[in-house]
Amino acid sequence: MKIPKHLAVIMDGNGRWARESGLPRIAGHYEGVKRGEELVDACIELGIRWLTLFAFSTENWKRPDFEVNALMRLLEGYLRERSHLLLEKGIRVSFIGRRDRLPKGLLMEMERVEKLRPSEEKIHVILAIDYGGRDEILRTFKKISEAGLEPTEKLFNLFSDLPEAPDPDLLIRTGGEKRISNFLLWHLAYTELYFTDTYWPDFRKEELVKALEDFSRRERRFGAILQE
Ligand code: FPP
């Protein structure tokens, strides 16, 4: 099986999973966080070195206040309560997206967690919070222009939210929709896309393996032709 260096995931379907289980939407997000943690473990086992997860988009602010606040509290509580495992398991965490609209408590947790560097890094997990692909592109070009530089692809990568990560090899979206929804627009240029109807709270290791098997059968040419 081919293993992507960098896997990106749009974890969709928490709300529908909860509704269909007769639970409030937020229960789906709680379950979703558990699957997120299990996914990180599975990626470490499989040798995936970079994992980017879409946790909250620049458009998610349009949801009812109750849900937005619950999601913010969930993320903050998760970082506070589970970060002790990061160093133990060799997980480095960073965040991408805007930082100017997040609740102070969450921001403080993010800044604390970002400083934790495992001695032997097994995986670098990037959590996208208040992230939008178009917003990243605009912010990045602004930074380049403020530095008085002419934009190039190389400079864009350097000034972007993901200066160190290779472009994702594979994007998985759960929950049945077949779109990118403003995730990592620049970085997904040549990424293989995999869509599944499975709701995120039902996405377990076997589903990941299925996605990787599908990915292994893809032929990636990056615009070139295959050598005879
Ligand atoms: C989509 O479900 C999910 C989100 C809006 C992101 C929330 C994701 C989590 C809480 C998991 C985070 C994981 C970690 C490890 C931090 P939806 O509400 O859009 O579902 P729906 O489309 O069925 O309504």
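Whatever order the structure lists ligands and atoms in, that order sets their numbers, starting from 1.
K210 and E206 are not joined by a salt bridge, as no carboxylate oxygen comes within less than 4.0 angstrom of a charged side-chain nitrogen. A salt bridge does not link E136 to R139: none of the charged nitrogens lies less than 4.0 Å from a carboxylate oxygen.
Heavy-atom contacts of H29 reach the following atoms of ligand 1: 2 (O), 7 (C), 10 (C), 18 (O) (cutoff under 4.0 Å).
Only side-chain heavy atoms of L75 come within less than 4.0 Å of ligand 1; its backbone N, CA, C and O stay farther off. Residue contacts with ligand 1 for R25 involve side-chain atoms from C-beta outward but no N, CA, C or O (heavy atoms, distance under 4.0 Å). By the criterion of a heavy-atom distance under 4.0 Å, the side chain of R63, and not its backbone, is placed next to ligand 1.
In terms of protein heavy-atom proximity, atom 1 (C) of ligand 1 is nearest to M11 O, 3.1 Å.
Looking at R49, its side chain does come within 3.5 Å of a backbone N or O of K122 through a donor-acceptor pair. Of the possible donor and acceptor atoms, none in the side chain of D130 sits under 3.5 Å from a partner among the backbone N and O of G97.
Any N or O atom pair closer than 3.5 Å counts here, and N14 shares at least one such pair with ligand 1. Checked against a 3.5 angstrom limit, the closest N/O atoms of R16 and ligand 1 fall inside it. Here's the thing with D12: one of its N/O atoms is less than 3.5 angstrom from an N/O atom of ligand 1.
Ligand 1 is approached by A55 to a heavy-atom distance shorter than 4.0 Å.
Relative ring orientation between F156 and H187 is described as tilted, the plane-to-plane angle lying within the 30° to 60° band.
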